[in-house]
2 protein chains.
Amino acid sequence: MTSLSDPRRNEALRRRPTMKNVADLAGVGVKTVSRVINREPHVSEETIARVRRAAEQLQYQPDMQAGNLRRADRRTDTLGLLVGSVANPFSAAVHRAVEDIALERHVAVFASSLDEDPERELSSVNAFLRRRVDGLILTTIQPSQAYLGAQLDRGIPIVFVDRRPNGIEADAVITENAEGATGAVEHLLALGHRRIAYLGDDEKIFTARERKRGYLDTLRRHGVAPEDRLIVDNLDDEAKASDAVARLLALDDPPTAIFSAQNLITLGVITSLRSAGASTRVALVGFDDVPMAAMLEPAITVVAQDPASIGEIAARRVFDRLDGLDEPARDFIVPTRLIVRGSGEIRPF
Amino acid sequence: MTSLSDPRRNEALRRRPTMKNVADLAGVGVKTVSRVINREPHVSEETIARVRRAAEQLQYQPDMQAGNLRRADRRTDTLGLLVGSVANPFSAAVHRAVEDIALERHVAVFASSLDEDPERELSSVNAFLRRRVDGLILTTIQPSQAYLGAQLDRGIPIVFVDRRPNGIEADAVITENAEGATGAVEHLLALGHRRIAYLGDDEKIFTARERKRGYLDTLRRHGVAPEDRLIVDNLDDEAKASDAVARLLALDDPPTAIFSAQNLITLGVITSLRSAGASTRVALVGFDDVPMAAMLEPAITVVAQDPASIGEIAARRVFDRLDGLDEPARDFIVPTRLIVRGSGEIRPF
DNA sequence: TTGAAAGCGCTAACAC
DNA sequence: GTGTTAGCGCTTTCAA
């Protein structure tokens, strides 16, 4: 007999019950328990009931890890998601969409933040791979993703999000960056603006490059020569964006409008325009929506992205491939939407 | 010889390489490969190099799931996190903090959104348990968490976040809800407000109950009798909060100040005050910070929570318990901070 | 309808 | 220093 203080009993309590324990308690073989747990046919109602009761009594939870080891399809029902930061609203919206699609298939999602750190990309991907994720959804920052080639060949679906992969052929889901920028710039041109400043992030980032391209091409197409003085790159935080705006406003012929190519930059622009008392004089269109944009004065006109669609499309693509879809890698382009709110409709002075 | 079209070769390519494959290629036994991979001592430099080369060549990734099956500590280096929604800024900040602490220990985090759905709580917890997570960090909505007792006994650390557990003794990390509400109400009382409205969420939610208690107690303590007409519960979205404010403003003796006990409610209040032209006349203090609060006109005074600390404390507690800490379950109370920005400093009319 | 035995990829225990 | 064997909890295979 075992008492509460008997170390063997404590040991037994701590160890999670196994299929064998359930089988013994129910007086059947392990395979029968396996059949019941996995709802396989050819088990009598009575046996099912007995096994269920035993499992219930022991609070048995099957160990998926052990099961997956031998299972034919070798799936872990697990997905890895790599984003800029799970705390960033854009990434969080992508994450949520991925989770919702995954949930339909009883797939759990590992999420990991990158912070634009290439080392972290490698270590996170490896951490996921060692845990045998069935598929990967990645926002990458490594210059090349060739290191993933072997996994792709091995049949692990990899879908890139918000970036196009380099050195590897894989699916990608991206916002129509250049076209969105074109929409913003044409909106400003139509109001009569000609001196339209561009404030953007590091050109090493794919999305920054694309948006800038859209800006430049659109100006040229409309017969406006881009001016170097009105173009500022490498703005990787709010403060830098603010400073850049202050400098632009101090020019002899300051811009009458600003196209801000990223979220955080837009916030810096707003702050700076306000403190210069220029927020109702200089037009502003931002790429990517800003929280509370509609409640600001003036409300901020933006080219909004659709992170929920991006996440959903990426997740569906992963599952389509897991279901055996075998077509060449392709891009999925997700449209943007110009949301007119006020700041972008200010006319040139 | 195997060609590209040989199905056996494709099969071999698709199967992920095992320790055995590496061992064969390196001409050693599996245990030696295991030693090298796990950086165990007693392997010659030369053997290490040979094994490394073979592993590299095959792009070998150890299978943690298989390893954990036999390993003494039986850890999966995996954590489960259950939050309201990964897309909600508060939850996302908690998530990020948990991830950062987990990363230090090479632990991967499963995150799952609940959407206040009790069914989802159960299925997510079970999904995590079947995947043998080492610990659990939970925002719960089930009326009782007694169903987790067996896991807790089994030594799986469970830490509750933003809610206190019911029917089970477990650690909890919570914001000082009542005290934060007290701070907000005292701030308004000090300015001379007496008719202070309360707008809150469903009282079934722990945090809503606590904040309301803080509001009521504080009024009474200062000799102000709470007025039923100024108290509105069950506001679970922005629109309902807006409507409630409209009704409050239409009273014969409308409130001169509003204490909004939750994020989304605050947004609804702002909208409604604005459209009534009352945003510079009626004072507003919100519980939980609002994005862009400082950029609004007036800027919004809030009782800010500290989700990053909450996540960090919860994660550390899980790891302390995994490290063998054996002390009774306790609460960790995380302080709030009153951020004075303008809306809360409007004097009574 | 049921179960015994082998094996999934790895680590533990122990032998050499 | 290195290898062999057993076994983790499950599924597969195959026999009863």
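Naming convention: chains lettered A, B, ... in sequence-line order (proteins, then strands); numbering from 1 in each chain.
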ask   = Got a donor-acceptor contact below 3.5 angstrom from the A/Ser144 side chain to the A/Gly167 backbone?
value =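 No; zero donor-acceptor contacts below 3.5 Å.
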
Protein-nucleotide distance ([X], atom [atom1]; [N], atom [atom2]), rounded to Å:
X        : N      : atom1 : atom2 : answer
B/Glu46  : D/dT2  : CD    : C1'   : 13 Å
A/Met64  : C/dC8  : CE    : C1'   : 15 Å
A/Asp63  : D/dC8  : CG    : P     : 13 Å
A/Asp73  : C/dC8  : CG    : C1'   : 13 Å
A/Lys31  : D/dG9  : NZ    : P     : 18 Å
B/Arg131 : D/dC10 : CZ    : C1'   : 16 Å
A/Asn38  : D/dG9  : CG    : C1'   : 13 Å
B/Asp24  : C/dC10 : CG    : P     : 12 Å

Starting the side chain at C-beta, find the nucleotide from [options] nearest to [X].
X       : options                : result
A/Arg70 : C/dT11, D/dT12, C/dC14 : D/dT12
B/Arg74 : D/dC8, C/dA13, C/dG9   : D/dC8
A/Arg15 : D/dT2, D/dG9, C/dT2    : D/dG9
B/Ser44 : C/dT11, D/dG1, C/dG9   : D/dG1
A/Thr32 : D/dT11, C/dT11, C/dG3  : C/dG3
B/Tyr60 : C/dA12, D/dT2, C/dC10  : C/dC10
A/Pro62 : C/dC10, D/dC10, C/dG3  : D/dC10
B/Val30 : D/dG3, D/dT4, C/dG3    : D/dT4

Closest to the 5' end of DNA chain D, once B/Gly67 and B/Val28 are matched to their nearest nucleotides, is B/Val28

In terms of relative ring orientation, are A/Phe110 and B/Phe110 parallel, tilted or perpendicular, with 30° and 60° separating the classes?
parallel

On the nucleotide C/dT2, are OP1 or OP2 found under 4.0 Å from the side-chain N or O atoms that A/Thr47 carries? yes

Worksheet item: Taking only side-chain nitrogens and oxygens of A/Ser34, does any of them come within less than 4.0 Å of OP1 or OP2 of D/dC10?
Response: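 Checking D/dC10 against A/Ser34, no side-chain N or O comes under 4.0 Å of OP1 or OP2.
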
A/His42 or A/Leu69, whichever maps to the more 5' nucleotide of DNA chain C
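Result: A/His42.
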
Pair A/Asn126-B/Gln61, side-chain donor/acceptor within less than 3.5 Å: yes

So is A/Arg330 actually on top of A/Phe332's ring, under 6.0 Å and inside 45° of the axis? yes

### Message
Between the base of D/dT2 and the side chain of B/Arg35, is one N or O donor paired with an acceptor at under 3.5 angstrom?
### Response
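Flag set: donor-acceptor pair detected.
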
Quiz item: Just checking A/Asn68: base, sugar-phosphate only, or nothing, at a heavy-atom cut-off of under 4.0 Å?
Solution: nothing

Rounded to the nearest 0.5 angstrom, the CD-CD distance for B/Glu121 and B/Glu116 is 10.0 Å

Interatomic distance, CD@B/Gln151 vs CG@B/Leu136, rounded to 0.5 Å, equals 8.5 Å

